[in-house]
Novice: 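A single structure is presented below for examination.
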Amino acid sequence: MSAMAGSLMFGGGQAFAQKELVFGLQCDRTGVTATVGVNLCPGYHDYIALVNSKGGVEGYKIKVLEVDNEYKVPPAMEAHERFKKEGAVLEGLFGTASTMALTKKLEEDKILGTSPGFGSASAADGKRFPYSFPIAASYWSQAGAAVAFAKEKLGGSLKGKKIAYLFFDNPAGKEPMPIFEELAKSEGFELRTFAVPAPGLEMGAQVLDITSRFKPDFVITHLFGRSPSVSIKELKGKGYPLSKVVAFVWGSAEADIIAAGGMGVAEGYNGIQFAGVGKDFQVIKDIEAMYKAQGKPVPKEMDSTVYYNRGVFVAALHVEAARNAIKAKSGAVPNSEEVKKGMEAIKGFTLGGLVPPMEITPADHEGGGWVQIWTVKGGKLVRTKDWFQGYREIIQKHLAAEASKS
């Protein structure tokens with residue numbers, strides 16, 4: 001029997017099918033980005049548990065198969081094969097390198113994969129990459145948003161200003177460069193880039209170069225793992241105002257700020273977010289209530305709200321895609337191709353503000369590239385700019401240029 005159709009359950013002498021859908025989830029709980037995975041993945045599982053506790057999705061219970069890919073490509077490829085064998089209708093990916101490696105496989109096997117906030121920016125183009133779904137602001141969109149935010153903070157004009165880009169020296173760190181370079185020309189600012197070699201724990205020389213020689217009006221950072229906390233400490237230590245720093249999405253979690261010495265040290269630090277932050281969302285309260293009803297303590301991972309909430313965000317979009325697919329089939333079991341179409345029909349789903357006002361279409365798998373800015377203020381993360389898009393027309397132009405090359 002297929003995993004999708006579910007197992008037979010016996011009760012009162014009668015057999016009935018417990019309808020089931022299988023979701024595949026790749027995680028990193030033990031590799032270099034484990035600080036993300038150990039908080040994000042529990043958020044995913046908790047949202048699915050909440051949905052299942054309320055009767056599932058349109059009567060279907062969701063079974064999640066999780067594989068720790070350790071942020072490495074070979075285990076990620078193996079995970080995909082396992083999910084396919086088990087009849088998964090979709091797959092949550094983890095890591096840019098594994099997402100790139102799996103792009104062709106997803107297409108061959110007709111299984112959609114989501115890569116929120118990582119992977120290739122050009123995957124936003126659903127026509128070229130039909131089974132790849134970034135479902136959150138790409139590095140191009142984050143670059144546009146960071147420059148738009150800097151412009152706003154510097155009084156509405158960047159003419160004659162200086163912006164430093166401090167980045168992790170790998171393909172993901174380099175990806176936003178074309179956007180920054182074009183905006184430097186069109187907005188009239190001087191851009192200088194500062195690469196941080198792996199593992200990203202040494203950047204004293206780069207920060208000294210930024211603060212003593214270049215003396216920028218604004219600093220944009222794109223760092224991962226343990227390096228964001230180092231950047232906060234180094235910039236603060238050299239006397240650079242953190243209110244003139246904005247981090248891409250992997251450098252602005254509670255864990256990064258705590259590792260830098262706490263909220264007091266990071267006062268004024270800004271971070272781009274593609275999902276809501278904090279616990280003031282009905283869905284988070286519902287998950288807490290579910291644990292209390294079971295007599296269990298609320299998991300500590302919930303305190304790391306940036307990453308935990310992203311896990312909830314991903315799970316919620318997966319569930320919504322499945323819901324759309326089941327409804328389109330009048331309750332019949334959907335296949336992975338139909339769930340893909342369900343993902344492309346997401347519109348007006350915000351989960352009480354935790355999810356941006358995105359619209360995923362067959363052409364746009366990114367959903368518009370919406371972000372918020374959250375700032376360290378008075379010992380906590382505070383939303384200082386609500387959902388917005390930065391230089392959307394420039395992003396679209398670059399997507400079209402990429403498409404014309406293929």
Side-chain angles (χ1 to χ4, degrees), residues 33 35-36 96 117-118 137-151 153-154 158 161-177 179-181 183-184 189-212 214-261 265-274 306-307 371-376 381 384-385 390:
T33 56
T35 46
V36 177
T96 291
F118 54 91
S138 70
Y139 293 143
W140 285 358
S141 293
Q142 290 173 49
V147 173
F149 178 64
K151 184 177 180 178
K153 291 283 276 186
L154 295 173
L158 290 172
K161 304 289 187 192
K162 295 197 281 190
I163 293 180
Y165 176 51
L166 180 66
F167 69 100
F168 201 100
D169 195 4
N170 71 357
K174 291 170 187 165
E175 191 175 39
M177 297 287 197
I179 305 300
F180 285 134
E181 285 160 5
L183 290 174
F189 64 86
E190 184 187 347
L191 171 73
R192 201 170 293 177
T193 63
F194 300 85
V196 175
L201 304 181
E202 296 289 329
M203 61 185 85
Q206 291 90 333
V207 171
L208 186 64
D209 210 10
I210 289 169
T211 55
S212 300
F214 186 46
K215 297 181 178 164
D217 298 283
F218 221 84
V219 175
I220 297 168
T221 66
H222 182 15
L223 301 161
F224 322 92
R226 288 164 59 203
S227 59
S229 61
V230 179
S231 73
I232 295 169
K233 281 191 279 196
E234 288 284 358
L235 286 161
K236 174 96 172 175
K238 301 285 189 298
Y240 193 83
L242 294 179
S243 61
K244 292 189 174 181
V245 178
V246 65
F248 272 31
V249 299
W250 302 113
S252 50
E254 290 94 345
D256 303 310
I257 292 158
I258 291 160
V265 168
E267 181 75 19
Y269 181 67
N270 305 291
I272 294 171
Q273 305 287 355
F274 62 75
V306 168
Y307 292 147
V371 296
Q372 292 177 333
I373 304 287
W374 287 70
T375 305
V376 180
L381 282 167
T384 50
K385 189 166 174 59

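Side-chain atoms are counted along with the backbone in the values below, which use heavy atoms only and exclude waters and symmetry mates. Computed from a predicted structure; not experimentally measured. Position 1 is the first residue of the sequence, and the numbers go up from there.
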Novice: Looking at every heavy atom in both T96 and A172, which two are closest together, and how far apart are they?
Specialist: OG1-CB, 4.4 Å

Novice: Would you call P176 and F167 a side-chain contact if the rule is heavy atoms closer than 4.5 Å?
Specialist: no

Novice: Test: side-chain hydrogen bond (donor to acceptor under 3.5 Å, both in side chains). Region: residues 225-242. Which pairs qualify, not counting sequence neighbours?
Specialist: E234-K238

Novice: Only counting residues at least two apart or in another chain, list the ones meeting side chain to side chain donor-acceptor pair (under 3.5 Å) with T375.
Specialist: N270, T384

Novice: So how far is it from I163 CD1 to L183 CG, rounded to the nearest 0.5 Å?
Specialist: 8.5 Å

Novice: Would you indicate whether the side-chain heavy atoms of F248 and L223 approach each other to under 4.5 Å?
Specialist: no

Novice: I need the full list of side-chain hydrogen bond (donor to acceptor under 3.5 Å, both in side chains) pairs touching residues 198-212, with sequence neighbours left out, sorted by first then second residue.
Specialist: D209-R213

Novice: Who passes side chain to side chain donor-acceptor pair (under 3.5 Å) against W250, sequence neighbours left out?
Specialist: Y139

Novice: For E267, give me all partners under side chain to side chain contact (heavy atoms under 4.5 Å, CB included), at least two apart in sequence or on another chain.
Specialist: V376, K377

Novice: Among all residues two or more places apart in sequence or in another chain, which pass the ring pair (Phe, Tyr, Trp, His ring centres under 6.0 Å) test with F118?
Specialist: none

Novice: Please give me the minimum heavy-atom distance between Y269 and A247, naming the atom from each residue.
Specialist: OH-CB, 3.2 Å

Novice: What pairs with K153 under side chain to side chain contact (heavy atoms under 4.5 Å, CB included), at least two apart in sequence or on another chain?
Specialist: F149, F218

Novice: Write down the atom of A146, the atom of V246, and the distance for their closest heavy-atom approach.
Specialist: CB-CG1, 4.0 Å

Novice: With side chains defined as the heavy atoms from C-beta onward, is the minimum distance between M203 and F194 less than 4.5 Å?
Specialist: no

Novice: Side-chain contact test, heavy atoms from C-beta onward, threshold under 4.5 Å: evaluate it for I272 versus I373 and give yes or no.
Specialist: yes

Novice: What are the two closest heavy atoms between A266 and I232, and how far apart are they?
Specialist: CB-CG2, 4.1 Å

Novice: Does the side chain of H222 reach to within under 4.5 Å of the side chain of F168, using non-hydrogen atoms?
Specialist: no

Novice: Got a sec, which residues hit ring pair (Phe, Tyr, Trp, His ring centres under 6.0 Å) with F189, two or more places apart in sequence or on another chain?
Specialist: none

Novice: Can you name the side chain to side chain contact (heavy atoms under 4.5 Å, CB included) partners of P241, sequence neighbours left out?
Specialist: S243, K244

Novice: With sequence neighbours excluded, tell me which residues meet side chain to side chain contact (heavy atoms under 4.5 Å, CB included) with E190.
Specialist: K162, R192, F214

Novice: Which heavy atom of A164 sits nearest to which heavy atom of I210, and what is that distance?
Specialist: CB-CG2, 4.1 Å

Novice: Within this structure, what is the OH-OG1 distance for the pair Y307 and T33, rounded to the nearest 0.5 Å?
Specialist: 9.0 Å

Novice: Please list, chain by chain and in numerical order, all residues satisfying ring pair (Phe, Tyr, Trp, His ring centres under 6.0 Å) with W374, sequence neighbours excluded.
Specialist: none

Novice: Enter the distance from L208:CG to L235:CG here, rounded to the nearest 0.5 Å.
Specialist: 11.0 Å

Novice: So, for A137 and V371, which heavy atoms are closest and what is the spacing to 0.1 Å?
Specialist: CB-CG1, 3.5 Å

Novice: Rounded at 0.5 Å granularity, tell me how far CG in L158 sits from CG in D217.
Specialist: 8.5 Å

Novice: Does the side chain of V147 reach to within under 4.5 Å of the side chain of I179, using non-hydrogen atoms?
Specialist: no

Novice: Got a second to check how far F180's CZ is from I220's CD1, nearest 0.5 Å?
Specialist: 4.0 Å

Novice: Under the rule for salt bridge (Lys or Arg N to Asp or Glu O under 4.0 Å), what residues qualify as partners of K161, not counting sequence neighbours?
Specialist: none

